Amino acid sequence: MSRTLPTGTAPAPGAAPLAPAASLIPVFVRLKLSLLRNGLRQSSGRTAAYVASAVFALLIAAGQLLGLVLLRGNDHAGTLVVLLAGVLGLGWAVMPLFFPSGDETLDPTRLVMLPLRPRPLVRALLMASLVGIGPLFSLCLLLGSAIAVAHGAAAVAVAVVAVPLALLTCVVLARAVATANIRLLTSRKGRDLAVLSGLLIAVGIQVVNFAAQRLGEAGGLSELDPAAGLVRWLPPAAAIGAVDSASAGSYGTAAAQLLLSAAAPVALLQLWQRSLVKLMTTPDGSTLAAAEPSRTESASAAGRLGRLLPEGRTGTVMLRSLRYVWRDPKTKAAWVTSLAIGLIVPLFNAIQGQGTIYFACFAAGMLGIQMYNQFGQDTSAFWMVALTISSTRDAYLELRARALTLLLITLPYATLVTVATAALLGDWHALPEALGLSFALLGAMLATGAVASARFPYSIPQDSAYKNVAPGQAGLAWISIVGGMLAAALICAPVIAVNLWLHMAGADGWTWLLLPIGTAYGALATTCGLRLAAPHTATRLPEILTAVSKG
């Protein structure tokens with residue numbers, strides 16, 4: 001790592017000359033590539049998972065690029081690509097916080113002790129941020145958008161400048177937002193703000209989701225023209241709007257939009273630099289004295305809750321898991337975002353009159369995801385849990401208690417969301433079957449989550465708010481969760497088949513049977529999954545401990 005000195009400081013007599021600040025860029029890029037390569041070398045499974053996820057993302061990017069190129073000449077191509085660029089920018093603003101990624105080169109808290117000036121550091125971090133699947137995916141989408149609307153030499157010239165500006169705006173926006181929020185997940189005082197941040201992120205993701213759904217509506221693009229007229233003046237969509245304006249011969253409008261697109265990353269870079277300087281020079285305001293009253297209150301509340309839980313190992317594990325939910329910033333943020341999204345999706349669709357009561361199953365699915373990577377949530381503290389597991393029965397009791405903790409929150413929550421959805425839709429007749437399907441899905445996800453926790457554990461770094469997966473494990477984590485969710489869907493297939501058969505047979509009066517059937521089936525699936533995962537947990541304790549302690 002090259003060293004720099006503050007302005008006005010001269011090197012000591014006889015000292016070796018300092019490396020120029022520009023050399024930081026290749027150092028950070030090589031560091032990022034080295035961290036990724038070393039993470040993939042840890043196991044062949046992680047390498048295969050990362051390669052598979054990268055190939056999948058690139059195939060989607062290539063398909064989108066081809067689809068946008070084929071859109072060239074369509075009357076509403078300008079509306080579509082402008083709104084698509086706006087959705088992309090919004091996604092870059094909220095997705096990196098909800099789905100943290102990257103590596104240590106993007107975490108400024110690791111660079112506090114290094115004598116690096118802010119501007120060279122920002123440039124180096126920016127270049128490192130441009131290396132990865134996400135920027136390449138965005139580049140394909142932006143390039144396809146520009147090709148779809150670029151007609152004439154002037155538009156092509158504008159596109160050559162607009163596409164890099166749009167990509168730069170997206171990346172700088174993500175880094176500026178992430179840097180401004182890093183203390184929300186690391187400081188004790190900021191953990192309540194982290195919950196609020198998680199809620200805002202959840203809402204933002206749903207805005208992206210609904211915007212994408214709106215873009216995909218066939219035959220309705222003309223209705224989006226007013227929205228596109230506003231979005232085309234908001235970076236990064238303004239860059240694509242400049243290409244469209246140049247194609248239409250509105251060169252003054254194109255110049256104004258291009259100037260706005262150039263000013264946006266400059267302003268974001270200044271904001272990022274200020275946040276970075278503040279983060280690296282201002283100590284955390286949390287103090288032990290300020291935390292003592294809350295600790296006392298938490299201890300008394302935990303004592304009252306402990307008396308309501310079962311005795312023995314089950315109650316102890318449940319209380320420990322509930323404390324993680326309340327005290328650990330990352331665990332709390334994950335729960336809050338899952339609770340928010342599980343409520344937003346069915347209710348938003350019901351309010352819009354486009355949903356069905358079956359969307360309420362999304363609530364059970366979102367909280368069922370919390371069962372995955374149970375041991376990774378313990379991080380390096382899992383060694384204390386591992387000391388208490390000496391047999392398959394111990395492992396079964398540990399997993400069962402963790403599943404009961406989830407059920408303690410998820411069952412009433414899923415019921416509440418389903419009832420609220422039924423009330424908004426006025427579909428009270430379908431309430432029992434929707435609850436039955438939710439409970440069956442929840443049981444299936446608890447089962448697959450227990451197995452995935454034992455077979456595919458991964459570490460959750462605690463010293464970085466940027467990511468929930470250690471470098472080199474992102475592909476493994478995604479495939480583990482997606483594979484588990486697909487397996488849960490297959491497990492629920494018999495209950496779904498019974499529901500379909502009752503409706504197709506005209507036996508709507510008997511659909512209430514789905515409630516007891518789904519409840520019993522979910523309980524059976526959970527029990528089988530826990531018993532299947534228990535021996536794997538007991539025999540793979542050293543591997544699990546190694547995997548979850550690497551963050």
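Below, each value reflects all heavy atoms present in this structure, side chains not excepted, and no hydrogens, waters or symmetry copies. Note that the coordinates shown come from a computational prediction; the quantities given were computed from them, not determined experimentally.
Applying the salt bridge (Lys or Arg N to Asp or Glu O under 4.0 Å) definition to pairs two or more places apart or across chains, none involves residues 249-271. The salt bridge (Lys or Arg N to Asp or Glu O under 4.0 Å) analysis of residues 48-60, with sequence neighbours excluded, yields no pairs. Screening residues 239-262 for side-chain hydrogen bond (donor to acceptor under 3.5 Å, both in side chains), with sequence neighbours left out, gives Arg232-Asp244, Ser245-Gln257. Every pair tested for salt bridge (Lys or Arg N to Asp or Glu O under 4.0 Å) that includes a residue from residues 258-275 fails, sequence neighbours excluded, so the list is empty. Listed by first and then second residue, the salt bridge (Lys or Arg N to Asp or Glu O under 4.0 Å) pairs that reach into residues 51-64 come to none, sequence neighbours excluded.
The line from CG of Leu269 to CZ of Arg175 is 12.5 Å long, rounded to the nearest 0.5 Å. In this structure, the separation between CD on Gln270 and CZ on Arg119 is 6.5 Å, given to the nearest 0.5 Å. Interatomic distance, CD of Gln273 versus CZ of Arg123, reported as 9.0 Å (0.5 Å rounding). The CG atom of Leu276 sits 11.0 Å away from the CG atom of Leu271 when rounded to the nearest 0.5 Å. The distance from the CZ atom of Phe137 to the CG atom of Leu142 is 10.5 Å, given to the nearest 0.5 Å.
Shown here are the side-chain contact (heavy atoms from CB on, under 4.5 Å) partners of Ile496, two or more places apart in sequence or in another chain: Leu437, Cys492, Leu500. With sequence neighbours excluded, the residues satisfying side-chain contact (heavy atoms from CB on, under 4.5 Å) with Ala237 are Val82, Ala85, Val231. Checked against side-chain contact (heavy atoms from CB on, under 4.5 Å), Tyr413 has the following partners two or more places apart in sequence or in another chain: Leu339, Leu343, Ala363, Leu367, Val417. Partners of Tyr372 according to the ring-ring contact (aromatic ring centres under 6.0 Å, His included) rule, which considers only residues two or more places apart in sequence or in another chain, do not exist here. Scanning for side-chain contact (heavy atoms from CB on, under 4.5 Å) contacts around Leu168 gives Leu126, Val172, Pro265, with sequence neighbours left out.
Between Phe362 and Met366 there is a side-chain heavy-atom pair separated by less than 4.5 Å. Residues Ile240 and Leu84 are not in side-chain contact: their nearest non-hydrogen atoms beyond the backbone lie 4.5 Å or more apart. Counting only heavy atoms from C-beta outward, the side chains of Val243 and Val163 never approach each other to under 4.5 Å. Inter-residue side-chain proximity for Ile369 and Met485 is flagged as met; some heavy-atom pair is nearer than 4.5 Å. Contact of the Leu486 side chain with the Leu490 side chain is not registered, since no non-hydrogen atoms from C-beta on lie closer than 4.5 Å. Contact of the Gln370 side chain with the Trp335 side chain is registered, since non-hydrogen atoms from C-beta on lie closer than 4.5 Å. Within the 4.5 Å cutoff, the side chain of Leu65 has no heavy atoms near those of the Leu141 side chain.
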Show me the donor-acceptor pairs within less than 3.5 Å that the side chains of residues 146-155 make with the rest of the protein, sequence neighbours left out.
residue : atom : partner : partner atom : Å
His151  : ND1  : Arg72   : NH2          : 3.4

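Pro135 approaches Gly132 most closely through the heavy-atom pair CD-O, 3.5 Å.
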